[in-house]
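Notes to accompany the following structure.
Everything quoted here is computed from the prediction, not taken from an experiment. Because only heavy atoms are used, hydrogens play no part in the values below, and waters and symmetry mates are left out as well, while side chains stay in. Numbered from 1 within each chain, the chains take letters A, B, ... in sequence-line order.
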Amino acid sequence: MTDHPSTGPQQNQPVYPRATTAASRAVPASVSFPQIEEQVLKHWEADGTFQASIEQRDTSRGAEEFVFYDGPPFANGLPHYGHLLTGYVKDLVPRYQTMRGKRVERRFGWDTHGLPAELSAMKELGMTDKAEIESLGIEHFNDACRANVLKFTKEWEAYVSRQARWVDFENDYKTLNVEFMESVIWAFKQLYDKGLTYQGFRVLPYCWKDETPLSNHELRMDDEVYKDRQDPSVTVTFPVTGGGQLGEQLAGVNLLAWTTTPWTLPTNFSVAVGPDVDYAVVQAPEDGPLPGRHMLAAELVPAYAKDLGFTDSDEATAAEAAEAAVVSRHRGRDLAGLRYQPLWDYYADVEQWGTQHAWQVVVEDYITTTDGTGLVHQASAYGEEDQRSSEENGIPVILSVDAAGKFLPMFAEPTPSGQTPLAEIAGVQAFEANRAIIQRLAADGRLVREKSYVHSYPHCWRCRTPLMYKAVTSWYVAVTEFKDRMVELNEQINWIPENVKHGQFGKWLENARDWSISRNRYWGSPIPVWVSDDPNYPRTEVYGSLEELKEAFGDYPRNAAGEPDLHRPWIDQLTRPNPDDPTGKSTMRRVEDVLDVWFDSGSMQFAQVHYPFENREWFEDHHPADFIVEYIGQTRGWFYTMHILATALFDRPAFTNVISHGIVLGSDGQKMSKSLQNYPDVNEVFDRDGSDAMRWFLMSSPILRGGNLIVTEEGIREGVRQVLLPMWNAWHFFALYANTARRGAGYQAKTVTSDDERLTPLDHYILAATGDLVREVTAALDEFSVAGACEALRRYAETLTNWYIRRSRQRFYDEDFTAYDVLYTALETFTRVAAPLLPLVSEEVWRGLTGGRSVHLADWPDPADYVKDERAVELMELTRRIASAGSALRKQAKRRVRQPLARLTVVVPQARALAGTYEQIIADELNIKHVDLREADETDAASWGIGQQLVVNARAAGPRLGKDVQQAIKGAKSGDWSVSDGQVTAGGLELQEGEYTLTTTVSEELTDTAVTVLDDAGTSGGFLVLDTSLTEELIAEGTARDVIRSIQAARKEADLHVSDRISTTVTASPETIAAVEAHADLVKAETLSSELHLLQGETSEETRISVEAVETARA
RNA sequence: GGGCGUAUAGCUCAGGCGGUUAGAGCGUCACACUGAUAAUGUGAAGGUCCGUGGUUCAAGUCCACGUACGCCCA
């Protein structure tokens, strides 16, 4: 070893790094990963590495393609951990496939339409409802939406680039582009032509704030959709007027009906009972609040006793009194057809409202007696069950509120009987009207009970308003028509984790319902349906392309700039006379709705390339995708809508491999929240630990297997410690010695193969381990087991640094170039295999090693190039096991490692095979003068204080011995057992073969000897015996080594270079000086001391060291 | 309100058909090792296996009831 590599202009350039993005050509010992990352990113940009990685895989020259679809994010905010997590996977898999020789094109996509954009724009414009949008004008509003949704694209690009995600932003797709939208309306028309869309008037979850229905899957978007809410629950009376088989008998009885939505009572048109529920009629006290007869579920009578006027008395409780007052009982199914008196007469005009069958008792299976009274109020327009039940019984669906959820003006008008009982609710939002309605009920004597009721209730996933269920006109995709096929096609999809296939996703498909796809909003792809504005001349037209529109309307829809544009309001301006109207007065107008945004994102599979108007061939070759990834919630979102459209349009799946990962949680295990500050800032992590550290942390976690992940700074640091630093340190170590070899001329290493004759067992071991690494990572990534790949890399990094390099240091001092070549080979392979998981740091190290253009342009290592050498691995693992047990022995015997010991006896099954190198490693590692290897089966264990212990196998002996087995166990534990003539007896009981095991154990303490048992696989019956006795020679050598250590510390303290020669002065006690004198050559050699001055001090004096450079490489 | 699931070390979680000394990683502490390493090695402390009752020779494991929390659905 000679000169320091990085000094002076007169020096030759060092051999390593052969290429670097750093300003100076050096491999620093302490490294800033974020800094390296920034340099590599800049280099990639200037070099065009990403493009090259795609283009070098030329399909015309036989490269296969790996098709990746990018799920479009909605970018009206900055990316968070969830986006980064998905982004890392979206990068990692394509990088791996590229190295495997595939061509992987990656286009970025932007989801741009829909309510989130509108809400954001409304907030900016200071608006709260749709009327304000209408008065501003749709054109201006949509301009605001467009600007809003593109506001963060630059920031997104910055984040995505910083996370080292290679994706094409130039050639991206946006759902607002006219090409994309044209493909979307094409899809709608396809569905329409196949009879898979229809218009319906059905009850849907409805956001009265956003004035739009939500689709079923939007209720499942996240955990905050269902939140607890307090609502009033009321019980009201409906006096029976007749009807059904029991009408005469029950006339005058009050049906007690229960509801949690008092605001739907004005549209009460039926009361439902359960067919098998028992109902009781109770005669209430005449002096109570509700004299008369009342009907409710028999088992709920006690619960209502007090409301009905029963009181506790000396004889009986109120509940008992109420039970006693039951006058008759009836099965629910017998109550069908009973008619009752409505609460109010707003809908009494049968001609006008079609209510001839209203106000009757219907029988429904869904009725239970767990809440309320067992009789449930039904409003046909405000519940799915209510609507179905009502339609089956000929009861109309009538709305009492407008699009904003406010009661219609008709409530202020007089009813047919000339009353205005609910005048004050007209124009009031439904939930707000509850109070007034309840007061009216109380005033009219119809209110039995009011209670507040806390239940979990759905809220709008965007604006967090509590939803209402309400009948609305909506377009549907008839998913139920082809859901069986969707279930079949799901079988062709490989899900990670696999349980999602038949679990979360499979179950969802089996219960799929028709998809409500229209939204009564502004910013979205249009529903391309035109209808006649005169119901007397009905006609419906559907258009699936710009050309069809031009043909029908004379021109494309054009925006203010004159460009074809399918957005509102331009598309709404296309009208034409209704051809089916001979009067020529009616006009074809577009239905105002826009499409659910999920229709857009589900369409990306074809719309991103403007299929079928362009790229027909491309599409056929690139559908389905080989791989997509998003979070698990998308089983109800993007995964689902992609699957619907692929099934309906192409009869095949949209993707064949999919990772559905878990959710990233804050450091306290809660959902990440800006206000709680429960997660490390993304940019801080990038700046302090780097993108590769974050990637490693996320990718090595169980989150890709569906579990959730808690983000902590410690977790991120751990990855740095386990993999990034070992990789860098190994590289630095290699470069340091390769550069200083041959007195500074340096040595350029080359790849070795395992048949090289120069290789030592240690070399064979690391090369075999390298081959295993390649095989393991390849297998793991082939099945998308990213965490498995990380685990293999982590273990390998440990082996490489803490075993191979540590045990090979002397060979590097000695310039044994075989070791250089082996380390080069190991590192070069390691960095290639790590490249998808640590793309930035691997790049810097790999280029430094090879001088190549980019590790990401390199081919994935071929496992066949790495010979499998199980023997080399097995023997070295055994050696490591012995070294580890030996360390524990030293600890137990209180003999520090620097203190040499005379002898270690190693008794193991394959002791002979360890002779030579392995033996030497054990001696070095444990600082032992002589290692004595002995075969386990040829050694008398007892003479080393090794005995046997009996363990009763309770599982085998228990069934035979029954209760007695406890006695045998006790005997075995207390030593009350024996073996004679092969018969084992424990606790006085004879045990049979298989009912016990004999294990080796240390049974006897010997002086000057420490013994431990080795009993793993491969070492069974083995043990170690350490001679702990100390001679004066050994103590002296130990002392000398302590002094060496002190001198080394002093060298470091003095900031000397590794190769500096020094003059050393040691002042110490006479014993210490004597010990150093005896080992002067060793001390001088180890510490590069040209001169060694020994000064004898007082007996008790502490050792003092001073060092001074006498020959140095540095100026 | 219904259905499902979970409860084990300070934290995150493993613990096939019940088998007698309940494990891992991280964290904590001690010691050792270190001229590539920001590391590393060895060990220690830390447990009412949610509670109560039951089945059994034997229960963290099976059963019943209860408690707490989570998810899905009305």
Same-atom distance (P) from B/rG15 to B/rG23, integer angstrom = 15 Å

What is the distance from CG of A/Asp964 to P of B/rU20, rounded to the nearest Å?
-> 18 Å

Between B/rU21 and B/rG53, how far is it from one C1' atom to the other, in whole Å?
-> 27 Å

Relative to the ring of A/Tyr824, is the ring of A/Tyr16 parallel (under 30°), tilted (30 to 60°) or perpendicular (over 60°)?
-> tilted

Base, sugar-phosphate alone, or nothing: which one does A/Pro726 contact when heavy atoms must sit under 4.0 Å apart?
-> nothing

With a non-hydrogen cut-off below 4.0 angstrom, is A/Val965 in contact with a base, only sugar-phosphate, or nothing?
-> base

Please determine, for the side chain of A/Thr801, which listed nucleotide (B/rC33, B/rA36, B/rU20) has the closest atom?
-> B/rA36

Can you tell me if the side-chain N/O atoms of A/Arg955 get under 4.0 Å from OP1 or OP2 in B/rC17?
-> no

From CZ of A/Arg895 across to C1' of B/rC31 the rounded distance in Å is 15 Å

Nucleotide B/rA39, atom P - distance to CG of A/Leu724 in whole Å = 13 Å

Check: A/Tyr747 ring centroid to A/Tyr737 ring centroid under 6.0 Å = no

May I have the step-by-step check of side chain to side chain contact (heavy atoms under 4.5 Å, CB included) for A/Leu800 and A/Leu827, ending in yes or no?
-> CA-CA 9 Å; A/Leu800 182 67; A/Leu827 262 180; 4.2 Å; yes

Could you check which of B/rC73, B/rA36, B/rU20 has an atom nearest any side-chain atom of A/Leu736?
-> B/rA36

Is the gap between the ring centers of A/Tyr796 and A/Phe830 under 6.0 Å?
-> yes

Salt bridge flag under 4.0 Å for residues A/Arg806 and A/Glu925 = yes

Describe the nucleic acid contact of A/Leu725 in one word from base, sugar-phosphate, nothing, applying a heavy-atom distance below 4.0 Å.
-> sugar-phosphate

In whole angstrom, what separates A/Glu925's CD from B/rA32's P?
-> 17 Å

Euclidean distance, atom CZ of residue A/Arg1061 to atom C1' of B/rG35 [Å, nearest integer] | 14 Å

Would you say the side-chain atoms of A/Thr235 and A/Tyr304 include a donor-acceptor pair closer than 3.5 Å?
-> yes

Closest contact, heavy atoms only, A/Ala1050 versus A/Ile1105 | CB-CG2, 4.0 Å

Report yes if a side-chain nitrogen or oxygen of A/Lys1052 is closer than 4.0 Å to either non-bridging phosphate oxygen (OP1 or OP2) of B/rA36; otherwise report no.
-> no

Do any N or O atoms of the protein come closer than 3.5 Å to N or O atoms of nucleotides 40-43 of chain B, and which pairs are they?
{"residue": "B/rU42", "atom": "OP1", "partner": "A/Ser884", "partner atom": "OG", "Å": "2.8"}
{"residue": "B/rU42", "atom": "O2", "partner": "A/Lys891", "partner atom": "NZ", "Å": "3.1"}

Pairwise C1' distance, B/rU55 and B/rA64 [rounded to whole Å] = 11 Å

In whole angstroms, how far is the P atom of B/rU34 from the CZ atom of A/Arg1041?
-> 9 Å

Quote, to the nearest angstrom, the C1' distance that separates B/rU61 from B/rC49.
-> 10 Å

Between A/Lys470 and A/Tyr382, is NZ or CZ placed under 6.0 angstrom from the six-membered ring centre and within 45° of the ring axis?
-> no

Atom P, compared across B/rG18 and B/rC57: separation rounded to whole Å | 15 Å

Just call it for A/Ala956: base, sugar-phosphate, or nothing, with non-hydrogen atoms closer than 4.0 Å on any strand.
-> nothing

Any luck finding a side-chain donor-acceptor pair between A/Ser389 and A/Glu364 under 3.5 Å?
-> yes

For A/Arg1045 and B/rG35, is the shortest distance between a side-chain N/O and OP1 or OP2 below 4.0 Å?
-> yes

A/Val720 near the nucleic acid: base, sugar-phosphate alone, or nothing, with a heavy-atom cut-off under 4.0 Å?
-> nothing

Distance between the P atoms of B/rA45 and B/rG10, in whole angstroms?
-> 14 Å

Quick one: is B/rA36 close enough that its OP1 or OP2 comes under 4.0 Å of any side-chain N or O from A/Tyr813?
-> yes

Dot-bracket notation for RNA chain B is requested: 5' to 3', Watson-Crick or G-U wobble pairs only, both distances under 3.5 Å, with ( ), [ ], | and . as defined.
-> (((((((..((((.....[...)))).(((((.......))))).....(((((..]....)))))))))))).

Take atom CD of A/Gln378 and atom C1' of B/rA74, then tell me their distance rounded to the nearest Å.
-> 14 Å

Any donor-acceptor pair under 3.5 Å joining the side chain of A/Gln966 to the base of B/rU20?
-> yes

d(CG, A/Asn729; C1', B/rU34) in whole Å | 13 Å

Determine whether the side chains of A/Ser884 and A/Ser887 contain a donor N or O and an acceptor N or O closer than 3.5 Å.
-> no

If each of A/Arg896 and A/Ile805 is mapped to the nucleotide of RNA chain B with the nearest heavy atom, which maps nearer the 5' terminus, i.e. the 5' end?
-> A/Arg896

Looking only at side-chain atoms of A/Val897, point me to the closest of B/rC33, B/rC72, B/rU21.
-> B/rC33

If the C1' atom of B/rU8 is compared with that of B/rC72, how far apart are they to the nearest Å?
-> 26 Å

What interatomic distance, in whole Å, is found between P of B/rA9 and the corresponding atom of B/rG46?
-> 14 Å

Side chain to side chain contact (heavy atoms under 4.5 Å, CB included) with A/Phe734: of A/Val845, A/Val27, A/Leu823, only one passes, and it is A/Leu823

Can you name the nearest heavy-atom pair linking A/Ala883 to A/Leu926, along with the distance?
-> O-CD2, 3.5 Å

Could you please name the option among B/rC72, B/rC26, B/rU34 that lies closest to any side-chain atom of A/Arg809?
-> B/rU34

